[in-house]
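One structure is given here, and the rest of the page talks about it.
Chain A is the first sequence line, chain B the second, and so forth, proteins listed ahead of strands; every chain is numbered from 1. Keep in mind that what you see is a predicted model, and the values were worked out from it rather than measured.
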Amino acid sequence: MRTGEKIRAFYDAMLAAWGPQGWWPAETPFEVVVGAILTQNTNWKNVERAIANLKGEGLLSAEALARAAPERLAEVIRPAGYYRVKARRLRNFIDMLMRDFGGSLDALFALPAAALRERVLEVSGIGPETADSIVLYAAARPVFVVDAYTARILYRHGLVDADATYEDIQSLMQDNLPDDPAMFQEYHALLVEAGKRHCRKAAPLCSGCPLERFLERGQPAAE
DNA sequence: GTCCAGAGTG
DNA sequence: CACTCGGGAC
């Protein structure tokens, strides 16, 4: 099976095994943005607590976040970890939104997809994965979100090299899939599920993984 | 004790 | 290149 077929077959196999994942779990696009920043290298369970705190404090809006004292914001999002850094990152995004788009997410999202991605990437503390999560899940534009699980799963199946860059992997996925935001949303969520359940860093549990049948001789590759 | 829906800095 | 940021779930 060649690369493109395999990439498309992965999706079908995971979807058949686990069904739709319902990502991104949030009530509004703004909440998606906040969650995308808070979940950097962090368990989603902890992010849920932080978002619940923000809601309880009435801080889940651009205006409220722009006014909140940095120390207070940090304390409220504390359960998400890296709380001082993340408080600053949230503020950096809000500052950009207020300054350049009148605080309107809709105005920001009206940009063409490529310009939107670049604009979000310019915010200090928002890197490629967080930017693409915002573009895909909050703005519903067709960019593929790459994360550590994506790289590991593709690497262990021999579809990318160990040193493949973010852009390498993103291009590989986008070049071999239809340009469908809803599908990209689902595919990334399914890869995260596969990563958590089976393709863990230290001890991969290939047995029972819906992607197991796509492994070839010698795979998964050693780290 | 491990590890998480990463990114910036020295 | 390594190091920092970090609470919480398991």
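B:dC3 and C:dC5: their C1' atoms are spaced 15 Å apart (whole Å). B:dT2 and C:dG6 have their C1' atoms separated by 14 Å, with the value rounded to a whole Å.
The phosphate of B:dA7 (OP1 or OP2) has a side-chain N or O of A:T130 nearer than 4.0 angstrom. The phosphate of C:dG7 (OP1 or OP2) has a side-chain N or O of A:Y83 nearer than 4.0 angstrom. For A:R49, a side-chain nitrogen or oxygen approaches OP1 or OP2 of C:dA9 to under 4.0 Å.
Note on ring orientation: taking the six-membered ring where Trp is involved, the planes of A:H198 and A:W18 are parallel (angle under 30°, cut-offs 30° and 60°).
Residue side chain A:W44 meets the stacking definition with respect to B:dA5: its ring centre sits within less than 5.5 angstrom of the base's six-membered ring centre, and the planes differ by less than 30 degrees.
One atom, CD1 of A:I77, and another, C1' of C:dC5, lie 12 Å apart when rounded to the nearest Å. Atom CD in A:E122 sits about 16 Å away from atom C1' in B:dG8, given to the nearest Å. Counting to the nearest Å, the P atom of C:dC10 and the CZ atom of A:R197 are 14 Å from each other. For the pair A:R88 CZ and B:dG8 C1', the computed distance is 9 Å after rounding to whole Å. Rounded to a whole Å, the CZ atom of A:R200 is 13 Å from the P atom of B:dT2. Whole-Å rounding puts the A:Q185 CD to B:dA5 C1' distance at 14 Å. Remark: P of B:dC3 and CZ of A:R152 are 9 Å apart, rounded to the nearest angstrom. A:N53 has its CG atom 13 Å from the C1' atom of C:dG8, to the nearest Å.
Residues A:E31 and A:L54 are not in side-chain contact: their nearest non-hydrogen atoms beyond the backbone lie 4.5 Å or more apart.
Contacts of A:I126 with the nucleic acid, taken as non-hydrogen atoms under 4.0 Å apart, involve only primed sugar atoms and P, OP1 or OP2. Within the 4.0 angstrom heavy-atom criterion, no nucleotide atom of any strand lies near A:S133. Using a 4.0 Å heavy-atom distance criterion, A:A202 is classed as a sugar-phosphate-only contact. The residue A:G127 sits close only to the backbone: its heavy atoms come under 4.0 Å of sugar-phosphate atoms, none of a base. Across all strands shown, A:K86 has no heavy atoms under 4.0 Å from either base or sugar-phosphate atoms.
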- Decide yes or no on salt bridge (Lys or Arg N to Asp or Glu O under 4.0 Å) for A:R72 and A:E75, but give the supporting numbers first. CA-CA 5 Å; A:R72 178 180 173 224; A:E75 199 54 38; over 6 Å; no
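Among the nucleotides B:dG8, B:dA7, C:dG7, the one closest to the side chain of A:E129 is B:dA7. The side chain of A:K201 approaches B:dC4 more closely than any other nucleotide in the set B:dA5, B:dC4, C:dC5. In the set B:dA7, C:dG7, B:dA5, the nucleotide with an atom closest to the side chain of A:P128 is B:dA7. Closest to the A:N41 side chain, of the nucleotides C:dA9, B:dA7, B:dC4, is B:dC4. Relative to the side chain of A:W23, the nucleotides B:dA5, C:dG6, B:dC4 differ in distance, and B:dA5 lies closest.
Put simply, the side chain of A:Q185 gets close to the backbone of A:L136: a donor and an acceptor are under 3.5 Å apart. When atom types are taken as modelled, the side chain of A:R89 and the backbone of A:S124 share no donor-acceptor pair closer than 3.5 angstrom. Without hydrogens or angle criteria, A:E5 side chain to A:R2 main chain gives a donor-acceptor distance under 3.5 Å.
Map A:H188 and A:G125 each onto its nearest nucleotide of DNA chain B; the residue landing nearer the 5' end is A:H188. The 5' end of DNA chain C is approached more closely, in terms of each residue's nearest nucleotide, by A:R84 than by the other of A:R84 and A:K45.
Here the closest heavy-atom approach between residue A:A36 and residue A:S133 is recorded as CB-CB, 4.2 Å.
With hydrogens and angles ignored, no donor-acceptor pair closer than 3.5 Å exists between the side chain of A:T42 and the base of C:dG8.
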